[in-house]
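The structure presented is a predicted model; accordingly, all values stated were derived computationally and were not measured. Every chain is numbered from 1, with letters handed out A, B, ... down the list of sequences.
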2 protein chains.
Amino acid sequence: MKKKEKTCPEETTCSVDYAFKRIGGKYKGRILWYLHEHSILRYGELSRTMPDITTKMLTQTLRELEADNLIQRKVYHEVPPKVEYTLTEVGQELIPFIQYLKDWGDKQIEKEQVKTI
Amino acid sequence: MKKKEKTCPEETTCSVDYAFKRIGGKYKGRILWYLHEHSILRYGELSRTMPDITTKMLTQTLRELEADNLIQRKVYHEVPPKVEYTLTEVGQELIPFIQYLKDWGDKQIEKEQVKTI
DNA sequence: CAGGATCCGTTCTGATACTG
DNA sequence: CAGTATCAGAACGGATCCTG
């Protein structure tokens with residue numbers, strides 16, 4: 001219908017935008033983080049780790065991360081089925097920065113709690 | 001209606017989630033980045049820097065960033081009005097990570113272009 | 001200049017039920 | 001176990017017009 005190409009004209013710094021699109025989803029950060037903490041997780045484990053995400057969103061988010069080559073999906077064709085998720089190398093590259101973000105978040109949360117008291 | 005407290009049970013790492021909520025908006029990363037690059041920007045300057053954002057979204061996003069104490073809004077009560085935005089200290093703390101993210105994004109974009117050729 | 005207010009379509013999320 | 005399918009409501013985003 002309409003052009004969507006003008007999100008960022010030509011040269012400028014849309015890599016910021018680019019990156020945020022890839023990890024900015026509602027659950028992406030957490031999924032990446034949990035995969036980092038556990039190295040390898042099955043679908044059900046992820047689901048239990050994040051009880052607030054529905055199967056639909058979890059699947060959808062995992063597929064997006066996979067499409068962006070941040071995680072790897074390994075299917076075992078057996079009964080019952082088994083699927084394992086791991087970070088790709090590209091995904092690993094994001095960990096230090098998520099760590100930074102997490103530390104920042106921790107700090108802010110502490111601050112807020114101090115104020116609340 | 002329903003409890004929203006269970007986003008992250010008790011102890012765990014929801015700081016990741018916390019942080020993403022604060023900077024994960026569609027334009028937040030870019031706004032922070034531009035404020036970092038220019039130190040101080042007026043409303044109209046931001047608007048011109050990001051032609052793809054409407055006044056509504058720009059205002060809304062700026063207010064959110066302000067509420068989260070990532071940017072500071074300084075109003076000059078004169079005619080015509082003048083409003084300046086700057087990063088707060090807390091906002092500054094996010095710059096290294098946005099820088100990291102940007103670098104990562106640049107790298108990925110390059111990779112994709114190589115493949116496309 | 002720097003927005004505020006409305007209207008409205010699209011996208012995103014969630015609840016629920018079902019399947020190989 | 002690891003999803004898929006469907007539907008509906010909520011949130012998001014944009015266009016347009018208005019104001020101190």
side-chain contact (heavy atoms from CB on, under 4.5 Å) assessment of Tyr34(A) paired with Val16(B): CA-CA 10 Å; Tyr34(A) 292 134; Val16(B) 174; over 6 Å; no
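- A donor atom on one side chain and an acceptor atom on the other are not found under 3.5 Å apart for Thr55(A) and Tyr43(A).
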For residues 63-70 of chain A, run the donor-acceptor check on the side chains, cut-off 3.5 Å, and write out each pair with its distance to 0.1 Å, sequence neighbours left out.
from     : atom 1 : to       : atom 2 : distance (Å)
Glu64(A) : OE1    : Lys28(A) : NZ     : 2.9

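- Listed by first and then second residue, the side chain to side chain donor-acceptor pair (under 3.5 Å) pairs involving residues 70-82 of chain A are Arg73(A)-Tyr85(A), Tyr76(A)-Glu84(A) (not counting sequence neighbours).
- In this structure Gln92(A) satisfies the side-chain contact (heavy atoms from CB on, under 4.5 Å) test together with Leu87(A), sequence neighbours excluded.
- Nearer the 5' end of DNA chain C, as judged by each residue's closest nucleotide, is the contact made by Tyr43(B), out of Tyr43(B) and Pro81(A).
- Proximity of Met50(B) to Ile31(B): side-chain heavy atoms (C-beta onward) are separated by under 4.5 Å at one or more points.
- For the OP1/OP2 pair of dA2(D) and a distance below 4.0 Å, the side-chain nitrogens and oxygens of Arg42(A) include at least one atom meeting the criterion.
- Between Tyr85(B) and dG3(C) there is a side-chain polar atom (N or O) within less than 4.0 angstrom of OP1 or OP2.
- Look at Lys26(B) and you'll find a side-chain N or O under 4.0 angstrom from OP1 or OP2 of dG14(D).
- Between the CZ atom of Arg30(A) and the C1' atom of dT13(C) there is a distance of 14 Å, rounded to whole Å.
- Contact check, Arg73(A) against dG3(D): a side-chain N or O comes under 4.0 Å of OP1 or OP2.
- Comparing the end axes of the helix from dC1(C)-dG20(D) to dG20(C)-dC1(D), each fitted to five base pairs by superposing C1' atoms of four pairs onto the next four, gives an inter-axis angle of 60° (nearest 10 degrees).
- For the pair Tyr18(B)/Asp106(A), no side-chain contact is recorded, criterion being any heavy-atom separation below 4.5 Å from C-beta on.
- Across the protein-nucleic acid pair, Glu84(B) atom CD and dG3(C) atom C1' stand 16 Å apart, rounded to whole Å.
- Per the geometry, CD1 belonging to Ile53(B) stands 14 Å off C1' belonging to dA2(C), to the nearest Å.
- Within residues 55-68 of chain A, the residues having any heavy atom closer than 4.0 Å to DNA chain D are, in order of number, Thr55(A), Lys56(A), Thr59(A), Arg63(A).
- Phosphate contact (OP1/OP2 of dG14(D), side-chain N/O of Tyr27(B), threshold under 4.0 Å): present.
- Atom CD1 in Ile71(A) sits about 14 Å away from atom P in dA2(D), given to the nearest Å.
- Considering only residues two or more places apart in sequence or on other chains, Glu45(A) meets the salt bridge (charged side-chain N to carboxylate O under 4.0 Å, His left out) condition with none of them.
- At least one side-chain heavy atom of Leu62(B) sits less than 4.5 Å from a side-chain heavy atom of Leu46(B).
- If you measure from atom CG of Asp52(B) to atom C1' of dA15(D), you get 15 Å, rounded to the nearest angstrom.
- Regarding His77(A), its NE2 atom lies at a distance of 13 Å from the P atom of dA2(D), rounded to whole Å.
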